Amino acid sequence: MDVLSRPAEEFTNDETVEHLWAARAMEHSDIYFNVLCSVDTRWLRLTPHDDLIHTHFRQDFPDLNVSYIKEDEIKNNMNKAKWRAFCEKFKTIVEDYSFGTLMRADTKGDYSEQNTILVPRVQFYAIEIARNKEGLNNEVKKRYKCASKANMAAQGHKAEVVV
């Protein structure tokens, strides 16, 4: 019997795995925010597939305002199905395409409880690539003083940039 065909009740969440995911997601968001503070985001590439992701994103969601994402708009029943179809296009292209990733709802804000949405990795890429290409993320440098590599190292963060 295939493990995925078994009843959901047979499975439980492993608290250790959840904590590891949360740590990895927070580390990713910290690193990404510091990258936004450091570069002209119009030239930033998040993946080797940025152009492909952006093309499909704008074909499927031509009118989505990426400067402020309303969680209920991207997660309502109609859009959830559209996003699922979009994400599945990248199943064999983007590594960890469905991995839960933290994304800022408003480009004018930082990562905070009120401004953070959990989305699949490829959805994060699609929206952030559009924000970068449209210059919306360049405002971060003007609004926030992000941690330098030295400060990050002193706080125990990795100094390498891996998005």
Side-chain angles (χ1 to χ4, degrees), residues 1-36 39 41-140 161-163:
M1 176 182 242
D2 182 7
V3 72
L4 296 178
S5 64
R6 297 175 65 178
E9 297 80 36
E10 291 183 20
F11 302 96
T12 59
N13 290 337
D14 181 342
E15 194 173 305
T16 304
V17 172
E18 290 180 3
H19 288 292
L20 290 172
W21 170 83
R24 182 175 171 194
M26 284 303 301
E27 179 181 35
H28 177 268
S29 65
D30 287 345
I31 291 169
Y32 183 64
F33 196 76
N34 280 296
V35 168
L36 295 179
V39 301
T41 62
R42 291 172 297 175
W43 305 107
L44 180 62
R45 295 194 58 86
L46 302 180
T47 77
H49 312 288
D50 281 15
D51 294 333
L52 179 67
I53 294 169
H54 188 255
T55 298
H56 282 278
F57 169 64
R58 281 306 182 197
Q59 284 173 350
D60 294 356
F61 303 95
D63 300 322
L64 183 63
N65 176 1
V66 295
S67 68
Y68 184 83
I69 302 294
K70 295 178 183 165
E71 186 169 16
D72 59 327
E73 284 183 13
I74 64 170
K75 293 188 176 184
N76 66 34
N77 287 338
M78 184 178 76
N79 285 331
K80 188 184 273 189
K82 280 180 72 173
W83 275 108
R84 186 175 301 115
F86 173 84
C87 292
E88 287 301 310
K89 292 178 189 178
F90 297 95
K91 186 176 190 170
T92 61
I93 299 170
V94 174
E95 185 177 343
D96 295 330
Y97 80 107
S98 64
F99 188 80
T101 305
L102 302 176
M103 180 181 73
R104 293 170 304 128
D106 186 350
T107 57
K108 294 180 176 88
D110 62 355
Y111 283 94
S112 66
E113 187 174 340
Q114 300 79 22
N115 195 42
T116 302
I117 302 171
L118 178 64
V119 298
R121 170 81 35 97
V122 74
Q123 188 176 29
F124 166 86
Y125 284 148
I127 292 168
E128 289 298 325
I129 290 165
R131 288 172 166 178
N132 291 339
K133 287 182 178 283
E134 295 169 22
L136 297 169
N137 278 333
N138 274 335
E139 293 299 311
V140 170
V161 175
V162 180
V163 180

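Remember, it's a predicted structure, so these values are computed and weren't measured experimentally.
- The side chain to side chain donor-acceptor pair (under 3.5 Å) test with Asn132 is passed by exactly one of Asn138, Asn137, Asp50: Asn137.
- When the salt bridge (Lys or Arg N to Asp or Glu O under 4.0 Å) test is applied to Arg84, no partner is found at least two apart in sequence or on another chain.
- For the pair Asp51/Lys133, a side-chain contact is recorded, criterion being any heavy-atom separation below 4.5 Å from C-beta on.
- Atom-to-atom distance recorded for Thr116:OG1 and Asp106:CG is 11.0 Å, nearest 0.5 angstrom.
- No side-chain heavy atom of Val35 sits less than 4.5 Å from a side-chain heavy atom of Thr41.
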From CA spacing to verdict: ring pair (Phe, Tyr, Trp, His ring centres under 6.0 Å), His56, Phe90: CA-CA 10 Å; His56 282 278; Phe90 297 95; 5.8 Å; yes
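- Remark: Leu36 CG to Glu139 CD distance equals 12.0 Å, nearest 0.5 Å.
- Partners of Lys70 by salt bridge (Lys or Arg N to Asp or Glu O under 4.0 Å), not counting sequence neighbours, listed by chain and number: Glu73.
- When side chains are defined from C-beta on, Lys89 does not count as touching Leu52, because their heavy atoms never get closer than 4.5 Å.
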Can you list, pair by pair, the side-chain donor-acceptor contacts under 3.5 Å of residues 94-103, counting residues two or more places apart and other chains?
unit_1: Asp96; atom_1: OD2; unit_2: Arg24; atom_2: NH2; d: 3.3
unit_1: Tyr97; atom_1: OH; unit_2: Glu88; atom_2: OE2; d: 2.9
unit_1: Thr101; atom_1: OG1; unit_2: Phe99; atom_2: O; d: 3.0
unit_1: Thr101; atom_1: OG1; unit_2: Arg121; atom_2: NE; d: 3.0

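- For residues 63-85, every residue pair satisfying the ring pair (Phe, Tyr, Trp, His ring centres under 6.0 Å) rule, not counting sequence neighbours, is listed here: Phe57-Trp83, Phe61-Trp83, Trp83-Phe86.
- Note that the CD1 atom of Ile129 and the CD1 atom of Ile53 stand 4.0 Å from one another [nearest 0.5 Å].
- If you take CD1 on Ile74 and CG on Leu64, they are separated by 8.0 Å, rounding to the nearest 0.5 Å.
- Atom-to-atom distance recorded for Ile69:CD1 and Glu128:CD is 9.0 Å, nearest 0.5 angstrom.
- Residue Lys82 qualifies as enclosed at atom NZ: its count of foreign heavy atoms under 6.0 Å is above 12.
- Scored by the salt bridge (Lys or Arg N to Asp or Glu O under 4.0 Å) test, Lys75 finds Glu71 as partners (sequence neighbours excluded).
- Of the inter-residue distances, the one linking Ser67 atom OG with Ile127 atom CD1 reads 11.5 Å to the nearest 0.5 angstrom.
- Residues meeting the salt bridge (Lys or Arg N to Asp or Glu O under 4.0 Å) test with Lys80, sequence neighbours left out: none.
- For the pair Asn115 (side chain) and Arg104 (backbone), a donor-acceptor distance under 3.5 Å is absent.
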